[in-house]
Each structure stands twice: as C-alpha cells, then as structure tokens.
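Below, each value reflects all heavy atoms present in this structure, side chains not excepted, and no hydrogens, waters or symmetry copies.
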Amino acid sequence: MNDDTAQKKRHGCLTAWLIMMIIGNALGSFAYLILEPNVLAKEDIIMTKEQMVLLGILGFINLSFAIGLWYWKKWAFYGFALSGFLMFITNLNMGMDFVSSALGMVGVMLLFSILQMKQGETSGWDNLE
C-alpha cells in the first residue's frame with residue numbers, strides 16, 4: 001500500500017455502506033447461483049435459471065466494484081453506476097414496472113451522496129483515484 005492510500009481517511013458512513021455492499025453482493029450472488037428458480041416463484045418473482053445465473057454473476061461483478069471502492073478506485077464507482085443501469089434495463093425486460101425498476105438506481109445515488117461526505121477536509125469522492 002502506498003503512502004497516499006495509507007493517509008486517506010474514510011467517513012464512518014462510507015465504511016458502513018461499503019461493508020454492507022460487500023456482504024450483500026457476496027450473499028446475493030451465492031443465493032442466485034445456488035437457489036432454484038421455483039424458490040423465488042413463491043415470492044411472486046418468476047425467473048429462469050439463466051436469469052438467476054446472470055444476476056449472480058452481476059452480483060460478483062458488483063462485489064469487485066465494492067472492493068475497488070474500498071481501495072479508492074474511481075473506476076469502481078463508474079462500474080457500479082453502469083451495473084445499476086444494466087439492472088434497471090434487465091428489470092424492465094423482466095416485466096417490472098418503471099418505478100420498481102428505477103429503485104435500483106437509488107443505491108447508486110446514495111453511494112454518490114455518501115462519497116460526498118467529508119472526513120476532515122476531504123470527501124470520499126476527492127480521495128478516489
């Protein structure tokens with residue numbers, strides 16, 4: 001780890017959010033890859049096994065973005081935003097209504113807002129490389 005990374009301070013809210021993203025994406029990915037589609041059918045969600053595998057893979061990609069953000073990589077934020085947009089499109093294609101599909105973008109907006117919080121004189125966004 002270089003000296004710049006060691007000197008950067010992360011706001012507690014950003015730390016908590018990143019930890020939740022890491023845990024949530026890891027658990028969600030495993031669930032999509034392990035569960036059978038009929039388990040979700042009981043919850044009025046109808047998906048094919050292929051869709052579940054796609055969502056599982058996307059979850060692992062989001063996990064890598066969350067880890068990238070932990071290490072202050074700006075590309076990880078842009079990747080997470082692109083992933084959120086792709087999920088929005090996927091949800092629309094699966095038949096979800098516009099508002100429910102767009103709610104996935106709330107996480108991206110919340111992440112951006114949390115990155116704006118300052119620890120000392122510098123925001124998390126300013127610390128991204």
Criterion side chain to side chain contact (heavy atoms under 4.5 Å, CB included) on Val108 and Phe112, from CA distance to verdict:
CA-CA 6 Å; Val108 176; Phe112 182 76; 5.7 Å; no
Any idea how Phe77 and Trp125 line up, ring-wise: parallel (<30°), tilted (30 to 60°), or perpendicular (>60°)?
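Rings of Phe77 and Trp125: perpendicular, as their planes differ by over 60°.
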Linking I/L/V/M/F/W/Y whenever their side-chain heavy atoms sit closer than 4.5 Å, directly or via other members, would [X] and [Y] fall into one cluster?
X	Y	value
Met117	Met109	no
Leu86	Leu103	no
Phe98	Ile89	yes
Val53	Ile34	yes

Quick check for you: to the nearest 0.5 Å, what is the distance between [X] atom [atom1] and [Y] atom [atom2]?
X	Y	atom1	atom2	answer
Leu69	Leu111	CG	CG	5.5 Å
Ser64	Lys73	OG	NZ	13.5 Å
Asp126	Trp72	CG	CH2	10.0 Å
Ile67	Leu18	CD1	CG	10.5 Å
Leu82	Trp75	CG	CH2	12.5 Å
Leu58	Tyr32	CG	OH	9.5 Å

Closer than 3.5 angstrom, by distance alone: can the side chain of [X] be matched with the main-chain N or O of [Y] as a donor-acceptor pair?
X	Y	value
Lys74	Glu129	no
Ser29	Gly56	yes
Gln116	Ser113	no
Ser123	Gln119	no

Arg10 NZ/CZ over Trp70 ring centroid, <6.0 Å and within 45° of normal:
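Output yes; distance and angle both within limits.
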What heavy-atom pair brings [X] and [Y] nearest, and what distance separates the two atoms?
X	Y	answer
Gly59	Asn25	O-CB, 3.5 Å
Phe65	Ala76	O-CB, 3.1 Å
Ile22	Ala66	CG1-CB, 3.7 Å
Leu115	Leu128	CD1-CD1, 4.2 Å
Gly124	Leu14	CA-CD2, 4.3 Å
Asn127	Lys9	ND2-O, 3.3 Å

Can Ser83 and Asn62 be counted as having a side-chain donor-acceptor contact under 3.5 angstrom?
yes
Apply the test side chain to side chain contact (heavy atoms under 4.5 Å, CB included) to residues Leu33 and Phe60: give CA-CA distance (whole Å), side-chain angles for both, the deciding distance (0.1 Å), then the verdict.
CA-CA 10 Å; Leu33 294 174; Phe60 278 119; 3.3 Å; yes
Would you please test Leu54 and Ile57 for side chain to side chain contact (heavy atoms under 4.5 Å, CB included) and show each step?
CA-CA 5 Å; Leu54 175 65; Ile57 291 169; 5.5 Å; no
Go through the steps to decide whether Leu55 and Met87 satisfy the test side chain to side chain contact (heavy atoms under 4.5 Å, CB included), and finish with yes or no.
CA-CA 9 Å; Leu55 291 174; Met87 281 303 302; 3.3 Å; yes
Aromatic contact, Phe80 with Phe85 (centres under 6.0 Å)
no
